[in-house]
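Naming convention: chains lettered A, B, ... in sequence-line order (proteins, then strands); numbering from 1 in each chain.
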Number of protein chains: 2
Amino acid sequence: MEKSKYTDEQIKLARYAKALSHPVRVQIMEILARQSCCYSGDMVDELPIARSTLSQHLTELRNAGLIQGEFNPPKIKYCINQEAWKEAAKLLTTFLAKKTTL
Amino acid sequence: MEKSKYTDEQIKLARYAKALSHPVRVQIMEILARQSCCYSGDMVDELPIARSTLSQHLTELRNAGLIQGEFNPPKIKYCINQEAWKEAAKLLTTFLAKKTTL
DNA sequence: AATTCATTTCGTAATTATACGAAACAGAAA
DNA sequence: TTTCTGTTTCGTATAATTACGAAATGAATT
């Protein structure tokens, strides 16, 4: 068979999976899901990483589209991006529901 | 609040997500799900990577527990590990079903 | 204009990921 | 025992990830 590149769905799925591929990012999403939104400074108190490291992880989640930050001087309120979260859920859940014809 | 390490669930979830964080590994799992099992040599014909690179990705999926290889000289037949696949589905689906109290 | 506050960016370092071709390997077949 | 076949390991290179503290930023307040 001919070699092929990846489909948009495979790329999207991998991107969302990658966003969740570190325990601290899983925890961040759990915190945000629990309380809807959260300030970065409040989050860092429950996380075993430095502030600057948290900032990097938040940037990754933002780049993946899963969260968005609302500037609320001098704080930044982070929330889950519902659209993206729903899309990630749909893509991954559908994918994981695939069963082998055993 | 006190700083904490990660829960077993967060670590497991992140590990499965990481296994799926590259499009070619998503595609590999789709191939295996489609036809139950597959020889590495047959897979490489549908994938845009070299044999040695495929081998590396298969090792990653094996380390994550998602697949297992059965030696069938001189070929190796790869199959999905149903137990792990089910666990990944459960963990990720539950996680992604979390909704913010918006 | 200087200070404060929450956060990010910078500089840096160590580790891991991704990719390839060449070489090694293990078992079957000749 | 030599050859063949499918696969992995090795050697290597480049890029991305993860981490931290120090310094910079941006907006509000003094």
Side-chain angles (χ1 to χ4, degrees), chain A residues 1 3-6 10-11 13-29 31-32 35 37-79, chain B residues 1 3-6 10-11 13-29 31-32 35 37-79:
Chain A
M1 189 188 279
K3 304 228 176 189
S4 60
K5 277 294 161 198
Y6 311 109
Q10 287 167 342
I11 291 168
L13 203 157
R15 182 144 38 85
Y16 285 132
K18 189 172 191 173
L20 300 175
S21 71
H22 190 295
V24 83
R25 291 199 290 269
V26 172
Q27 194 171 350
I28 289 169
M29 293 309 290
I31 292 172
L32 290 180
Q35 59 199 67
C37 290
C38 194
Y39 295 105
S40 154
D42 295 336
M43 263 187 271
V44 83
D45 295 332
E46 331 186 24
L47 300 173
I49 54 171
R51 280 162 199 284
S52 56
T53 307
L54 171 58
S55 196
Q56 282 181 165
H57 284 294
L58 290 173
T59 299
E60 288 224 21
L61 288 170
R62 200 153 18 94
N63 287 342
L66 286 178
I67 64 171
Q68 54 204 147
E70 185 189 313
F71 197 58
N72 206 342
K75 297 185 173 188
I76 298 178
K77 187 167 69 176
Y78 282 100
C79 308
Chain B
M1 189 189 279
K3 304 228 175 188
S4 60
K5 278 293 161 199
Y6 311 110
Q10 286 166 344
I11 291 169
L13 202 157
R15 182 145 38 86
Y16 285 131
K18 190 173 191 171
L20 300 174
S21 70
H22 191 294
V24 84
R25 291 198 291 268
V26 172
Q27 194 171 348
I28 290 169
M29 293 308 291
I31 291 172
L32 290 180
Q35 59 199 67
C37 289
C38 194
Y39 294 106
S40 154
D42 295 336
M43 264 188 269
V44 82
D45 294 333
E46 331 186 24
L47 300 172
I49 54 171
R51 280 162 199 283
S52 57
T53 307
L54 171 58
S55 196
Q56 282 181 163
H57 284 294
L58 290 172
T59 299
E60 287 224 21
L61 288 170
R62 200 152 19 94
N63 287 343
L66 285 178
I67 66 172
Q68 53 203 148
E70 184 188 314
F71 198 57
N72 206 341
K75 298 184 172 187
I76 298 178
K77 187 165 70 175
Y78 281 100
C79 308

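One interatomic measurement links the two molecules: CZ of A:R51 to C1' of C:dT8, which rounds to 12 Å at whole-angstrom precision. Whole-Å rounding puts the B:Y39 OH to D:dT7 P distance at 9 Å. Distance, A:L58 CG to D:dT17 P: 16 Å, rounded to whole Å. The interatomic distance linking A:L54 (CG) with D:dT18 (P) rounds to 13 Å, in whole Å. In this structure, B:L47 places its CG atom 15 Å from C1' of D:dT7, rounding to the nearest Å. Between the CZ atom of B:R15 and the P atom of C:dT16 there is a distance of 15 Å, given to the nearest Å. Atom CD1 in B:I76 sits roughly 15 Å away from atom C1' in C:dA28 (whole-Å rounding). For the pair B:H22 NE2 and D:dA15 C1', the computed distance is 12 Å after rounding to whole Å.
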What nitrogen or oxygen pairs link the protein and nucleotides 24-29 of chain D at under 3.5 Å?
none

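Side-chain N/O atoms of A:T53 include one lying less than 4.0 angstrom from OP1 or OP2 on D:dC20. Of the side-chain N and O atoms in B:H57, one or more sit less than 4.0 angstrom from OP1 or OP2 of C:dA19. For C:dT8, the OP1/OP2 oxygens have a side-chain nitrogen or oxygen of A:Y78 closer than 4.0 Å. Contact check, B:R25 against C:dT18: a side-chain N or O comes under 4.0 Å of OP1 or OP2.
Between the side chain of B:S40 and the base of D:dG6 there is no donor-acceptor pair of N/O atoms closer than 3.5 Å. In terms of polar N and O atoms assigned as donor or acceptor, the side chain of B:Q56 comes within less than 3.5 Å of the base of C:dA19 in a complementary pairing.
Contact detail for B:P48 and A:K5: the closest heavy-atom pair is CB-NZ, 4.1 Å. Across every non-hydrogen atom of B:Q27 and B:L47, the tightest pair is CD-CD2, 3.5 Å.
Using modelled atom types, no side-chain atom of A:R15 and backbone atom of B:S21 make a donor-acceptor pair closer than 3.5 Å. The backbone N or O of B:I67 sits nowhere less than 3.5 Å from a side-chain atom of B:R62 that would complete a donor-acceptor pair.
Relative orientation of the B:H22 and A:Y6 rings is perpendicular, given thresholds of 30° and 60° on the angle between their planes.
Residue-to-nucleotide proximity on DNA chain D shows that, of A:S52 and B:G41, the 5′-proximal contact is made by B:G41. Annotation: of the two residues near DNA chain C, A:T59 and A:K75, the 5′-most nearest-nucleotide partner is A:K75.
The shortest side-chain heavy-atom distance between A:S40 and A:I76 does not fall under the 4.5 Å cut-off.
A disulfide bridge connects B:C37 to B:C79: their SG atoms sit within less than 2.5 Å of one another.
No contact: B:K77 has no heavy atom under 4.0 Å from any strand.
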